[in-house]
J.: 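First the structure, which I've put down as structure tokens, then a few questions once you've had a look.
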Amino acid sequence: MTTRERLYLFDTTLRDGAQTTGVDFSLADKIAVARMLDRLGVDYIEGGYPGANPLDTEFFSVERGLRATFTAFGMTKRAGVSVSNDPGVTGLLEAKAGAICFVAKAWDFHVHTALGCTLEENLEGLAESVRAATARGREVIVDCEHFFDGCKANPDYALSVAAKAHASGARWVVLCDTNGGTLPDEVERIVAEVMRHVPGSHLGIHAHDDTGHAVANSLAAVCAGVRQIQGTLNGLGERCGNANLVSLIPTLKLKEPYASRFTIGVSDAAMAGLAPLSRAFDEILNRQPNRQAPYVGASAFATKAGIHASAVLKDPRTYEHVEPESVGNARAVLVSTQAGRSNVLSELERLGVTVSRDDPRIARLLDEVKEREALGYAYEGADASFYVLAQRVLGRMQEYFKVERFKVNVERRYNADGNLVTFSEATVKIVVDGETMISAAEGDGPVNALDRALRKDLGKYQSQIAGMELMDFKVRIFQGGTDAVTRVLIESRDGTGESWTTVGVSANIIDASFQALTDSIIYKLMRSEAQG
């Protein structure tokens, strides 16, 4: 058997990823993400820039207990001062980190404009910084910033920066496409040239996604000879982001020629948790996961058209390039206006609804779905509402409660402190097992008030909805104009951690929200009943 070469994964989520617009890590976030990455099996975790801000400085002072090599990031020595008198370099040398990643300018344009020093002074600062770190027993990585643009503008100088870093003792010389404008064929050609000066076993790639080619550029660099890949979870990073490690990892492990030629530190078992890890990371950031993310997105293995669904049910290989379970994802056959009987049957099976394939009610259910989607309903992202609808069409749903009426008041006023506030109150009248109950509740907004009022007292069913909470609320205008139809999607969760999504549609956003809320409660009651 041919021995596979080792590729090393360098994660910069907590440094480069922290530059993402709208992302602000707390210390607890950084610790949690570092541990997630360590369990995944990456080789290097770049924690940030100690000394640049209080958060990163504190992060480098705490105990982390990581298997991966924890890495500090910072600039090389400034021109005109010694290493010992440069506070930035001193901070890196004193940080609790197994490796130091120095960023060095590789584009002569930036050396003159950003650093304001000579090309030779830039090389000298790089060499002295690397030697100082290696003398302290640190593994050194040099990020050659703007390397590809620099190589196009002044190839001799860019190559001299890479060669100087290697000659000075850097373990890794990383070629950075800092502006993200280089294309895969250029990457492969330039890396081949660099390998005449620095061996591929010491080269890395750091790609940005400004042309949408960060993953492709990283793979092109690997094919050309580099053996370290830098990237981030879910492609986080400034501007358009960095190379997405969540896409790269399964590609390297499952796709040829990478699977046969290389090995990485991520085990098959760890990769099987990749989709949950990706979503958990988005949860930390309080961001909605990208449904169409390669490998791990909710739609990555979703089939909508009826003819495709039929083929997938016969043999998943017809429309799936890998097994979804290999990355912790799951197959989804969606129910929509493009659906056929195969979609409906597959979704019913997934939801645990037993029905014969030739049951005539399946056709009625399919017609009902298509009619309702023409009105604005969308069941492909609201499986709980589909479950409720299916059970109703199949005649298997009892009437748990009946809503007689509801009312919502929204008042804008000045409070006792003289501040302008908005006040919402909802009243719901329902009948449960012949008993009429009226519940009222206040909320942060009309939907929150309605949710609280509806769940305040369901009589004999109250214990079954204990622990339920509204997690997410999305609104979309289905048809524009003053007579617009509003679609509301509501995500709910119970005390066990199970979550589900329901949909409501109406010209009135409150009415649409109430539909989704009632579906959510009915779904919870039906599932509780089914589970005994």
Side-chain angles (χ1 to χ4, degrees), residues 351 353 361 364-365 368-369 371-372 375-377 379 382-411 423-471 473 485-496 498-532:
L351 294 173
V353 180
R361 293 174 296 182
R364 294 206 299 272
L365 175 58
E368 178 81 6
V369 167
E371 288 175 9
R372 291 172 71 85
L375 298 174
Y377 290 85
Y379 291 104
D383 53 0
S385 279
F386 174 71
Y387 179 89
V388 172
L389 175 64
Q391 296 287 39
R392 183 179 292 122
V393 173
L394 293 172
R396 299 176 181 175
M397 194 184 81
Q398 64 169 299
E399 185 178 68
Y400 295 96
F401 59 90
K402 180 179 179 181
V403 179
E404 292 281 332
R405 62 180 177 86
F406 71 84
K407 180 174 66 174
V408 182
N409 289 323
V410 179
E411 181 181 353
F423 173 81
S424 298
E425 182 182 51
T427 304
V428 179
K429 180 180 179 181
I430 60 175
V431 178
V432 180
D433 202 22
E435 180 183 0
T436 299
M437 289 170 286
I438 299 177
S439 299
E442 298 176 0
D444 296 328
V447 176
N448 181 239
L450 263 178
D451 179 45
R452 290 181 177 181
L454 184 59
R455 292 189 291 107
K456 192 171 186 178
D457 188 0
L458 274 185
K460 65 181 183 179
Y461 301 117
Q462 189 63 30
S463 62
Q464 296 181 43
I465 63 169
M468 267 188 68
E469 56 181 335
L470 192 155
M471 295 299 299
F473 176 80
V485 175
T486 303
R487 176 193 296 156
V488 170
L489 288 169
I490 286 179
E491 182 182 354
S492 304
R493 185 171 67 184
D494 63 16
T496 69
E498 180 185 358
S499 62
W500 58 93
T501 304
T502 51
V503 62
V505 171
S506 174
N508 185 302
I509 188 173
I510 303 300
D511 181 49
S513 303
F514 194 74
Q515 291 177 37
L517 289 171
T518 54
D519 262 12
S520 179
I521 292 175
I522 292 170
Y523 175 81
K524 171 61 178 173
L525 294 175
M526 295 180 75
R527 297 299 278 186
S528 297
E529 188 178 78
Q531 293 165 7

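As a basis for the values below, the full set of heavy atoms in this structure was taken, side chains included, without hydrogen atoms, waters or symmetry mates. All values reported here derive from a predicted model rather than from experimental measurement.
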J.: Pair L375, V485 - check side chain to side chain contact (heavy atoms under 4.5 Å, CB included), show working.
T.: CA-CA 8 Å; L375 298 174; V485 175; over 6 Å; no

J.: So which atom in I510 and which in N508 form the shortest heavy-atom distance, rounded to 0.1 Å?
T.: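 Answer, listing the atom of I510 first, then N508: N-OD1, 2.8 Å.
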
J.: Going by side chain to side chain donor-acceptor pair (under 3.5 Å), name the residues that satisfy it together with R361, two or more places apart in sequence or in a different chain.
T.: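 By the side chain to side chain donor-acceptor pair (under 3.5 Å) rule, R361 matches D359.
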
J.: Contact between I522 and Q391 at the side-chain level, heavy atoms closer than 4.5 Å - yes or no?
T.: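 Heavy-atom side-chain distance check fails, nothing below 4.5 Å.
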
J.: In the structure I gave you, are the side-chain heavy atoms of R392 and E368 within less than 4.5 Å of one another anywhere?
T.: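 Heavy-atom side-chain distance check fails, nothing below 4.5 Å.
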
J.: In a table with atom names and distances, give each donor-acceptor pair under 3.5 Å that connects a side chain of residues 431-444 to protein atoms at least two apart or in another chain.
T.:
none

J.: My understanding is that only residues two or more places apart in sequence, or in another chain, count here; which of them pass ring-ring contact (aromatic ring centres under 6.0 Å, His included) with Y523?
T.: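 For Y523 the ring-ring contact (aromatic ring centres under 6.0 Å, His included) partners, ignoring immediate neighbours, are Y387, W500.
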
J.: By side chain to side chain donor-acceptor pair (under 3.5 Å), which residues pair with S492, not counting sequence neighbours?
T.: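 Once residues adjacent in sequence are excluded, the partners of S492 under the side chain to side chain donor-acceptor pair (under 3.5 Å) criterion are S520.
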
J.: Side chain of R455, backbone of M468: donor and acceptor closer than 3.5 Å?
T.: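 Yes; at least one donor-acceptor contact below 3.5 Å.
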
J.: Could you tell me if the side chain of I521 sits less than 4.5 Å from the side chain of F401, heavy atoms only?
T.: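 F401 vs I521: side chains touch.
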
J.: Closest approach of V488 and S513, non-hydrogen atoms and distance?
T.: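 Looking at all heavy atoms of both residues, the closest pair is CG2-OG, 3.7 Å.
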
J.: Would you kindly say whether D519 and T502 are connected by a side-chain donor-acceptor distance under 3.5 Å?
T.: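 Absent: no donor and acceptor within the cut-off.
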
J.: Any heavy-atom pair between the side chains of R527 and D494 that's under 4.5 Å?
T.: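 Result no, sub-4.5 Å side-chain heavy-atom pair not found.
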
J.: For residues 402-411, tabulate all N or O donor-acceptor pairs below 3.5 Å that involve a side-chain atom, not counting sequence neighbours.
T.:
| unit_1 | atom_1 | unit_2 | atom_2 | d |
| --- | --- | --- | --- | --- |
| E411 | OE1 | R413 | NH1 | 3.4 |

J.: How many angstroms lie between CG in D383 and CG in L351, if you round to the nearest 0.5 Å?
T.: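 That separation rounds to 5.5 Å.
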
J.: Do V447 and I509 come within less than 4.5 Å of each other through their side chains, counting heavy atoms only?
T.: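 Side-chain contact under 4.5 Å: no.
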
J.: Would you indicate whether the side-chain heavy atoms of F386 and L365 approach each other to under 4.5 Å?
T.: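 A side-chain contact exists here, since the closest heavy-atom pair is under 4.5 Å.
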
J.: According to side-chain hydrogen bond (donor to acceptor under 3.5 Å, both in side chains), does anything in residues 462-471 pair up with another residue at least two apart or in another chain? List the pairs.
T.: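 As it turns out, the side-chain hydrogen bond (donor to acceptor under 3.5 Å, both in side chains) pairs with a partner in residues 462-471, which skip direct neighbours, are E469-R493.
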
J.: Nearest heavy-atom pair of V428 and A453: which atoms, and what distance?
T.: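 So the minimum-distance heavy-atom pair works out to CG2-CB, 3.8 Å.
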
J.: Roughly how far apart are E529 CD and Y461 OH, rounded to 0.5 Å?
T.: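 Going from the CD atom of E529 to the OH atom of Y461 covers 7.5 Å.
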
J.: Evaluate L470 against N448 for side chain to side chain contact (heavy atoms under 4.5 Å, CB included), listing each step before the verdict.
T.: CA-CA 8 Å; L470 192 155; N448 181 239; over 6 Å; no

J.: Do the non-hydrogen side-chain atoms of F514 and S506 ever get within less than 4.5 Å of each other?
T.: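 Answer no - side chains too far apart.
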
J.: If we only count heavy atoms from C-beta on, is the T518 to L454 side-chain gap below 4.5 Å?
T.: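 Answer yes - side chains close enough.
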
